[in-house]
2 protein chains.
Amino acid sequence: MRIIKKETDYALRALYFIHEKGGKAAVSQIYSQIKAPRPFLRKIFRMLALSGILISKKGKNGGFEFKKPFNSITLADINEIFDEMTPLGGCPFKNRICSNFRSCALKGKIRAIEQETYQRLKRTYIKDMWD
Amino acid sequence: MRIIKKETDYALRALYFIHEKGGKAAVSQIYSQIKAPRPFLRKIFRMLALSGILISKKGKNGGFEFKKPFNSITLADINEIFDEMTPLGGCPFKNRICSNFRSCALKGKIRAIEQETYQRLKRTYIKDMWD
DNA sequence: TTAAATGATATCAAAAAAGTATCATTATTT
DNA sequence: AAATAATGATACTTTTTTGATATCATTTAA
Ligand code: FES
Ligand code: FES
């Protein structure tokens, strides 16, 4: 059972780091601290910017700062950027549809559990993760 | 977020099928019904037997029957055969340990969520999955 | 003795996840 | 203006995990 991806892991720790740094930082200042590969972290940050979590500033002395207030960011906010949920009525095994889709009740039960887990991610604020 | 693997999916549906067939069946009678690849299902069944869920009977007219009573089997029972949980105090990213393992509080929170999900799997009986 | 089942194991293929490389664009500093 | 240092965009590669095969040995009932 893999709750989060490495991308989410890096993202969460990086966001926390930016917050500690006063709310703004560039990838070059972060990656070594959280031991993430630089180009990978860049990709992650671009997605965070596209998703409205961060604002990016280009050029010298550029970097990233929070768009969404740090205190309001949940684990779910970040997780859903990198990992999609199974759609309502869908099968947990994406694209390639399951054999006996129609008669399969499994997907419903599994989805319910997934949803419950998601709700919990939603209730977990990243500001509280380092308590 | 992937709650169960395909192996678990096949296993659950196959077990239900055996139950409907009166508690005993051979792989050759099952795989086409649940649309699982035969050799894959064989492997799955061997694991179910090794784990004490089923008993295997070799030879002609052989097959598999329940060792653990069907009504007592939970989703967790099957899931844990094919998917391991992160060990207590461990990092969700198996083998290759995380960079800042010591200072990382993330792993604790993630594990808590994983545990909660596991508890729910434990409370879900496969006999109830086709309601 | 044959047929039909599982046991055991090695191997392969496909998909997903993780990570790189490269060039373009933008803004600051000199 | 030029150099520098940041992100934007995108294509690619590698590694890991998952899903699936193939093969031969063993067992048992007919
Ligand atoms: S339809 Fe995919 S698990 Fe049932
Ligand atoms: S130690 Fe692995 S997620 Fe923190």
Side-chain angles (χ1 to χ4, degrees), chain A residues 1-11 14 18 24-32 34-51 53-65 67 79 81-84 86 91-99, chain B residues 1-11 13-14 18 21 24-32 34-51 53-65 67 79 81-84 86 91-99:
Chain A
M1 202 181 315
R2 190 220 64 217
I3 305 292
I4 60 163
K5 291 195 195 179
K6 208 86 198 292
E7 281 164 302
T8 306
D9 172 30
Y10 288 147
I18 295 175
K24 186 180 176 191
V27 167
S28 60
Q29 302 170 304
I30 305 170
Y31 81 96
S32 60
I34 66 163
K35 280 160 196 156
R38 171 145 57 168
F40 198 34
L41 195 59
R42 282 191 63 200
K43 194 162 71 169
I44 288 166
F45 269 48
R46 196 161 52 86
M47 292 180 80
L48 289 171
L50 286 170
S51 308
I53 304 291
L54 297 175
I55 289 175
S56 71
K57 303 282 188 189
K58 290 176 86 172
K60 199 163 185 174
N61 296 343
F64 294 86
E65 55 190 311
K67 182 173 186 185
N79 184 64
I81 294 170
F82 304 102
D83 204 354
E84 312 232 313
T86 37
C91 164
F93 305 103
K94 326 184 182 183
N95 11 356
R96 62 214 148 107
I97 205 158
C98 249
S99 32
Chain B
M1 201 182 316
R2 192 220 60 218
I3 305 293
I4 60 164
K5 291 193 193 181
K6 208 85 198 288
E7 280 164 303
T8 305
D9 172 29
Y10 287 147
R13 298 207 309 249
I18 296 174
K21 275 285 188 182
K24 188 182 175 190
V27 168
S28 59
Q29 303 170 303
I30 305 169
Y31 80 96
S32 60
I34 66 163
K35 281 160 195 155
R38 171 145 59 167
F40 198 34
L41 195 59
R42 283 191 61 201
K43 193 162 75 170
I44 288 166
F45 269 48
R46 195 160 54 85
M47 294 180 79
L48 290 171
L50 287 169
S51 308
I53 304 292
L54 297 174
I55 289 174
S56 70
K57 303 282 189 188
K58 289 176 86 172
K60 199 163 185 176
N61 297 341
F64 293 87
E65 56 191 310
K67 182 173 186 184
N79 185 64
I81 294 170
F82 303 103
D83 204 353
E84 313 232 312
T86 33
C91 164
F93 304 104
K94 324 185 183 184
N95 8 357
R96 63 219 148 103
I97 206 158
C98 250
S99 32

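Heavy-atom basis, side chains included; hydrogens, waters and symmetry copies ignored. None of these values were measured; they are calculated from a predicted model.
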Could you walk me through whether A:Val27 and A:Arg38 pass the side chain to side chain contact (heavy atoms under 4.5 Å, CB included) check?
CA-CA 7 Å; A:Val27 167; A:Arg38 171 145 57 168; 4.2 Å; yes

Worked verdict on A:Phe40 versus A:Lys43 for side chain to side chain contact (heavy atoms under 4.5 Å, CB included):
CA-CA 5 Å; A:Phe40 198 34; A:Lys43 194 162 71 169; 4.1 Å; yes

Verdict with supporting geometry, A:Arg2 and B:Asp83, salt bridge (charged side-chain N to carboxylate O under 4.0 Å, His left out):
CA-CA 10 Å; A:Arg2 190 220 64 217; B:Asp83 204 353; over 6 Å; no

Step by step, work out the side chain to side chain contact (heavy atoms under 4.5 Å, CB included) result for A:Met1 and B:Asn79.
CA-CA 9 Å; A:Met1 202 181 315; B:Asn79 185 64; 4.1 Å; yes

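Residue A:Ile44 contributes atom CD1, which lies 13 Å from atom P of D:dT7 at whole-angstrom precision. Atom C1' of nucleotide D:dT7 and atom CD of A:Gln29 are separated by 13 Å, given to the nearest angstrom. Between A:Phe93 atom CZ and C:dA16 atom C1' the separation is 14 Å, expressed in whole Å. Straight-line distance from the NZ atom of B:Lys35 to the P atom of D:dG19: 19 Å, rounded to whole Å. Nucleotide C:dT29 holds its P atom 14 Å from the NZ atom of A:Lys57, rounded to whole Å. Residue B:Lys24 contributes atom NZ, which lies 9 Å from atom P of D:dA29 at whole-angstrom precision. Going from atom CE of A:Met47 over to atom C1' of C:dA17 covers 12 Å, rounded to whole Å. Taking atom CZ of A:Arg46 as the reference point, atom C1' of C:dA24 lies 13 Å away to the nearest angstrom.
Contact annotation for B:Lys43: base contact, defined as any heavy-atom pair under 4.0 Å involving a base atom.
Side-chain atoms of B:Arg13 come within 3.5 Å of backbone atoms of B:Ile34 as a donor-acceptor pair (strictly under, hydrogens ignored). The backbone N or O of B:Met47 sits less than 3.5 Å from a side-chain atom of B:Ser51, completing a donor-acceptor pair.
A salt bridge does not link B:Lys5 to B:Asp9: none of the charged nitrogens lies less than 4.0 Å from a carboxylate oxygen.
Residue A:Lys58 has its side chain nearest to C:dT26 when only D:dT26, C:dT26, D:dA9 are considered. For B:Val27, whose side chain is taken as the heavy atoms from C-beta onward, the closest listed nucleotide among D:dA20, C:dT6, D:dG19 is C:dT6. Taking the side chain of B:Lys60 as heavy atoms from C-beta on, and the options D:dA29, C:dA5, C:dT20, the nearest nucleotide is D:dA29. The side chain of B:Phe40 lies closest to D:dA20 when the candidates are C:dA17, D:dA20, C:dT6. When the nucleotides D:dA5, C:dA4, D:dG8 are ranked by their closest atom to the side chain of A:Phe64, D:dG8 comes out on top. Distance from the side chain of A:Lys5 is smallest for C:dA18 among the nucleotides D:dG8, C:dT6, C:dA18.
For D:dT18, the OP1/OP2 oxygens have a side-chain nitrogen or oxygen of B:Arg2 closer than 4.0 Å. Within the 4.0 Å cut-off from OP1 or OP2 of C:dT29, at least one side-chain nitrogen or oxygen of A:Asn61 is found. The side chain of A:Ser56 places no N or O atom within less than 4.0 Å of a non-bridging phosphate oxygen (OP1 or OP2) of D:dA6. At C:dA18, none of the side-chain N or O atoms of A:Tyr10 fall inside 4.0 Å of OP1 or OP2 (strictly under the cut-off).
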At a cut-off of 3.5 Å, list every protein nitrogen or oxygen paired with a nitrogen or oxygen from nucleotides 22-24 of chain D, distance to 0.1 Å.
none

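The cationic atom of A:Lys57 (NZ for Lys, CZ for Arg) does not lie both less than 6.0 Å from the six-membered ring centre of A:Phe64 and within 45° of the ring axis.
Nearer to the 5' terminus of DNA chain D, by closest-nucleotide assignment, is the contact made by A:Gly62 (compared with the other of A:Gly62 and B:Phe82).
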